[in-house]
Amino acid sequence: MLLSFGSDRLPTLGVNIDHIATLRQARRTVEPDPVAAAVLAELAGADGITVHLREDRRHMQDRDVRLLRQTVRSHLNLEMAATDEMVGIALDLKPDYVTLVPERREEVTTEGGLDIAGQLDRIKSVVNTLQNAEIPVSLFIDAAPDQIEASAQTRAQFIELHTGPYAEAKLAQDQLLELDILAQGTAQALALDLRVNAGHGLTYWNAAPVARIPGMEELNIGHSIISRAVLVGLERAVREMKALIQSGG
Ligand code: PXP
């Protein structure tokens, strides 16, 4: 296996940079460039770069994934729907791994895990096509026993457990319950020879307990990191612009 993920103990960090592209697309301009963001994320220690090329291209563009394939030095995780178009792109691009996710045009972000059990033959065939081309596949699923069991049947190398229900739990007891579901799902998956990642909705406040789940390999985190980046970078950006205009350019 070429991918070098987490140690035996704590998971690695995959940084999802879709929001950089979302900001650029809000103006249909050239900045901020997700390719530059990926370089900075890697310099800061990101173990992987994750991007979702959506069918509607609302944030990441084909140009982005092509350039990222050439520039990413860690590993490039391409999130995509299990469509013929996306499979074709992945076969051409050869990302370090693909994460299959559900996709609905009207959603704000990915909602819920992919239903593997309900479309086993289709997912099996996509996994087979990609893995035959030496592109390992991860399946983004809810931590439900039947979905984990079905994922193992597809022979995908990885699953990514959907941490949304844990992240959205308001009460401490509900959060603990969801954490336990994630831990049990991880144990079940490992027993079925699946490798386990997790992500969605993880923040500076809730990521650590998920990172401590035994056997967890990689956490994919986007929104919280990019949100923090905007705030920790704002003072410097304002100072630089003020200095520029007051120096007469
Ligand atoms: N993993 C998957 C499969 C996702 O779809 C997303 C959101 O794009 C993430 C992880 C990252 O979620 P967030 O932006 O909430 O950290």
Side-chain angles (χ1 to χ4, degrees), residues 5-6 11-23 25 34 37-38 41 46-61 64-65 68 75-83 86 90 95-116 123 126-127 136-144 147-148 151 156-169 178 182 185-186 189 194-211 213 216-230:
F5 271 25
T12 52
L13 173 64
V15 177
N16 181 313
I17 56 170
D18 291 346
H19 287 302
I20 301 289
T22 301
L23 190 55
Q25 295 310 110
D47 302 290
I49 300 295
T50 296
V51 294
H52 184 175
L53 186 66
R54 296 185 73 102
E55 270 187 291
D56 62 10
R57 307 296 197 274
R58 73 166 72 145
H59 39 53
M60 284 293 158
Q61 306 296 306
D64 299 329
V65 294
L68 285 164
H75 55 250
L76 181 64
N77 169 21
L78 178 68
E79 289 180 2
M80 58 178 231
T83 62
M86 287 299 155
D96 295 296
Y97 72 109
V98 156
T99 301
L100 296 179
V101 298
E103 201 173 292
R104 287 192 304 118
R105 273 176 192 266
E106 60 277 21
E107 69 191 358
V108 176
T109 181
T110 311
E111 294 166 358
L114 190 59
D115 178 14
I116 309 294
I123 300 296
V126 170
V127 168
V137 177
S138 177
L139 304 173
F140 181 62
I141 58 166
D142 294 330
Q147 294 296 343
I148 295 168
S151 298
Q157 291 194 25
F158 294 85
I159 55 169
E160 177 174 335
L161 292 178
H162 185 8
T163 48
Y166 160 77
E168 282 155 25
E178 293 297 341
L182 291 169
T186 303
L194 286 161
R195 296 169 68 178
V196 184
N197 302 329
H200 204 91
L202 295 179
T203 69
Y204 292 83
W205 291 270
N206 66 19
V210 180
I213 293 174
M216 187 60 73
E217 285 207 41
E218 183 155 88
L219 299 185
N220 282 307
I221 306 181
H223 185 262
S224 194
I225 293 176
I226 304 305
S227 303
R228 193 180 185 95
V230 169

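Whatever order the structure lists them in is the order used to number ligands and atoms, beginning at 1.
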Exercise for review: Check Gly113 against Asp142 and note the closest heavy-atom contact, atom names and distance.
Suggested key: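 So the minimum-distance heavy-atom pair works out to N-OD1, 3.0 Å.
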Practice item. Going by heavy-atom distance to atom 2 (C) of ligand 1, choose the closest among His19, Glu79, His200. Key: Glu79
Please identify which atoms of ligand 1 are closer than 4.0 Å to at least one heavy atom of [X].
X	value
His223	13 (P), 14 (O), 16 (O)
Val101	3 (C)
Ile221	16 (O)
Gly201	12 (O), 13 (P), 15 (O), 16 (O)
Asn220	10 (C), 11 (C)

Check your understanding: Is the closest side-chain donor-acceptor distance between Glu218 and His75 under 3.5 Å?
Key -> yes
Review point. Ser224: heavy atom below 4.0 Å from ligand 1, yes or no?
Key: no
**Study point:** Thr50 and its side-chain hydrogen bond (donor to acceptor under 3.5 Å, both in side chains) partner, picked from Asn77, Asn16, Asp18
**Key:**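 Considering Asn77, Asn16, Asp18, a side-chain hydrogen bond (donor to acceptor under 3.5 Å, both in side chains) with Thr50 is found only for Asn77.
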Check your understanding: If you measure every N/O of Gly222 against every N/O of ligand 1, is any gap under 3.5 Å?
Key -> yes
Check your understanding: Ring centres of His59 and His19 under 6.0 Å apart?
Key ->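 Not under 6.0 Å, so no.
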Exercise for review: Would you check if Pro34 and Val51 make a side-chain contact, meaning some heavy-atom pair closer than 4.5 Å?
Suggested key: no
Check your understanding: Could you give the distance from CG (Leu161) to CG (Leu219), rounded to the nearest 0.5 Å?
Key ->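 Rounded to the nearest 0.5 Å, the CG-CG separation comes to 10.5 Å.
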Check your understanding: Is ligand 1 under 4.0 Å from a heavy atom in the side chain of Glu160, in the backbone, in both, or in neither?
Key ->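 Side chain only.
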Practice item. Indicate yes or no for a side-chain donor-acceptor contact from Glu79 to the backbone of Thr99 under 3.5 Å, with no hydrogens or angles considered. Key: no
